[in-house]
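Whatever order the structure lists them in is the order used to number ligands and atoms, beginning at 1. Along the sequence shown, the residues carry numbers beginning at 1.
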Amino acid sequence: MSCPDAIGAEDRATAGTVSTRVDVAIRGVRLAAPVRRTGGAGPSDDGHVVLGGLATALPLRSDSPYLVREGRLVREDPLGALLEVTDLGIEVEPVQRPRFYDLATTDGIPYEKIAKLHGRDVLATTVVQTCSRYAPEDRCRFCAIESSLESGSTIAVKTPAMLAEVAEAAVRLDGVKHVVMTTGTSTAPDRGARHLARCVRAVTEAVPGLPVQVQCEPPGDLATLTELKDAGASSIGIHVESLDEAVRRRWMPGKSTVPMAEYRAAWTEAVRVFGRNQVSTYLLVGLGEDPDELVAGAEDLVELGVYPFVVPFRPLAGTLAVDVDGAGAPGAAVLEDVSRRVAKALRAGGMRGADQMAGCAACGACSVLQNLNG
Ligand code: SF4
């Protein structure tokens, strides 16, 4: 466990960089990134870069004051009729298009439609791109899982054989280090977890030793968590997004029908099966929750052995949050404050994202926590 005094000094030394990282996470960057996401299940509409040495996913926005010039992050601010240009002293290198994107299966499906490169070395896929909770009255208001399907940039169901083929190529050609497999929720009692297990088994048979994180809702029968582990998954994300009941009902009308007690039981069993800090959950900042309650909930998760992956709510076109509610991104101050406090709890609990074997916390690109050693 780290010494709290040393952590304080570390925090102070990186204060400026962290504030910039937070601001650029919200305001985005003007950049033509070769590796980017649009639509889909998680944070999206972003470009992937290595910023200050860390894999980072940033919103791509033409109205951002930030841009990349000669490999460094620069900020432009209007100053009367002039433009004040500040070199922020942070190196930025766009992640290059991976070579596996140029391949296709024997029946002609481009690998890029089966799985994507995330961060700099993560292969990410949504094994079932439809969600049983996608009727407008049920859908999570921040989610665009089916929009990438409608636009033709992915396929509805990825088979175990397809994923094994793509994973083998991504490791061989592009040095992929771990895999994230998420899924839309099915109507089956396991909510889609068993198809995930079949996919994990195929991938780990094709590439022995490749760490895979699975992401799913609490899978009904908790024995399914052991099935996922036995299939070869190294870590698991069971994502609640908010711990606040009112926020859950407002933002996730369908998903909030799964009681918090069911989440807690699934997290507890997952920690028993996968181990402390191999289980995580997303917590979104900016859904209207109380920041102190969010931090207290995150501290409770750390105690349980579950990594609270704190990310800003990102307004995406095509979601109900943007198209109907007109929701915007959280303020930088609240995101920085919450991230700092949660990172402190993670360090105190001896849990770092980098210590997860696979998945979003191991990648860290969508969160500021990695910039805070959380
Ligand atoms: S944190 Fe997760 S969603 Fe974000 S880039 Fe990394 S693997 Fe993808």
Check: Hey, which atoms in ligand 1 end up nearer than 4.0 Å to a heavy atom of Cys363?
Finding: 1 (S), 5 (S), 6 (Fe), 7 (S)

Note to self: As an exercise, state the distance from CG of Asp138 to OG of Ser256, rounded to the nearest 0.5 Å.
What the structure shows: 9.0 Å

Note to self: Using heavy-atom distances only, which candidate in Ala55, Cys360, Ala361 approaches atom 1 (S) of ligand 1 most closely?
What the structure shows: Cys360

Check: How would you list, by chain and number, every residue that makes a side chain to side chain donor-acceptor pair (under 3.5 Å) with Glu168, sequence neighbours excluded?
Finding: Arg172

Next item on the list: Just jot down the ligand 1 atoms closer than 4.0 angstrom to any heavy atom of His48, in number order.
Entry: 5 (S)

Notebook entry, point to check: Numbering the atoms of ligand 1 from 1, which are under 4.0 Å from a heavy atom of Arg37?
Noted result: 3 (S), 8 (Fe)

Next item on the list: Quick one: sort the Trp251 and Phe313 rings into parallel, tilted or perpendicular, breaks at 30° and 60°.
Entry: perpendicular

Next item on the list: May I ask you to check whether Cys366 brings an N, O or S atom to under 2.8 Å from atom 4 (Fe) of ligand 1?
Entry: yes

Checklist line | Under 4.0 Å to a heavy atom of Tyr282 - the qualifying atoms of ligand 1, by number | finding: 2 (Fe), 3 (S)

Check: Any N/O/S atom of His118 sitting less than 2.8 Å from atom 2 (Fe) of ligand 1, backbone or side chain?
Finding: no

Check: Tell me the ring pair (Phe, Tyr, Trp, His ring centres under 6.0 Å) pairs involving residues 75-94, sequence neighbours left out?
Finding: none

Next item on the list: With heavy atoms under 4.0 Å as the rule, classify the contact between Ala124 and ligand 1 as side chain, backbone, both or neither.
Entry: neither

Notebook entry, point to check: Is it the case that Glu217 and Thr185 place a side-chain donor and acceptor less than 3.5 Å from each other?
Noted result: yes

Check: Which is it for Gln370 and ligand 1 at heavy atoms under 4.0 Å: side chain, backbone, both or neither?
Finding: neither

Check: Any donor and acceptor pair, going by atom type alone, linking the side chain of Gln278 with main-chain N or O of Met357 inside 3.5 Å?
Finding: yes

